[in-house]
Visitor: 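I have a structure here, written as structure tokens, and I will follow up with some questions on it.
All residue numbers in this chain count up from 1 along the given sequence. Ligands are counted one by one from 1 in listed order, and the atoms in each one are counted from 1 as well. What you are looking at is a predicted structure, and each value in this text was computed from that prediction instead of being measured.
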Amino acid sequence: MVFKRLKLRLFKYFYQNFYLTMIFEKLKTEIETILLDNNKSKDEQLLNICEVLETNIEYYNWVGFYFKNGDKNELKLGPYVGEPTDHTIIPFGKGICGQVAVSNENFVVPDVAAQDNYIACSITVKAEIVIPIFVNGENVGQIDIDSNTPDPFTDEDERFLEFVCAKVAKIL
Ligand code: SME
């Protein structure tokens, strides 16, 4: 009985991982196709990417882009999908996004309640991941994803979103 349950758990674990890897691979192709479509504006392309991510990955519940606002040390909200947010401008250093603007590093937050320097957009959000976008080595913006599931992000999300950011950087 115990073995059976263990076997079932292992099966579920590997199945879920395998399934997710396949989804990420499929989405990479979709994102490349979106970015090749010259009939769409940059913002339409970015919005399409948000839609594709939010629709296909069950634990991506708010997906958006922030970009450096001209010469100012602040981020400005770009295309996004999910609940509207009041945080359309975020000063560098403030919140998870503002910290990534300064650190140039990925920021994975398994539990937003455990963060001091965090800007809450919605009470349903449990976790967040922010990956910077570089153009010629300069941090020009980021993709920000909120999840209503606690601790859902893995290395695989980071690698996948780094891919997305590298592709997006080419159209900026
Ligand atoms: N939680 C972010 C703010 C942006 S919202 O998630 C849309 C932060 O702490 O920077």
Visitor: Is Phe107 close to Gln99 at the side-chain level, that is, under 4.5 Å between some pair of heavy atoms?
Guide: yes
Visitor: In terms of side-chain heavy atoms, does Asp146 have a donor or acceptor partner in Tyr60 at a distance below 3.5 Å?
Guide: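 Checked: Asp146/Tyr60 side chains show no N/O donor-acceptor pair below 3.5 Å.
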Visitor: Output the distance between atom CZ (Phe65) and atom CD1 (Ile145), rounded to the nearest 0.5 Å.
Guide: 8.0 Å
Visitor: What's the spacing between Leu161 CG and Glu156 CD if we round to 0.5 Å?
Guide: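 The CD atom of Glu156 is 11.0 Å from CG of Leu161, to the nearest 0.5 Å.
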Visitor: Classify the side-chain pair Asn39/Glu44 by whether it contains a donor and acceptor separated by less than 3.5 Å.
Guide: no
Visitor: Side chains of residues 124-133: which donor-acceptor pairs under 3.5 Å do they make with residues two or more places apart or in other chains?
Guide:
from	atom 1	to	atom 2	distance (Å)
Thr124	OG1	Ser122	OG	2.8
Thr124	OG1	Asn148	OD1	3.2

Visitor: Exactly which residues line ligand 1, taking a heavy atom under 4.0 Å from it as the test?
Guide: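 The answer is Trp62, Tyr66, Ile90, Gly95, Ile96, Cys97, Tyr118, Ile119, Cys121, Glu128, Asp144, Asp146, counting any residue whose heavy atom sits under 4.0 Å from ligand 1.
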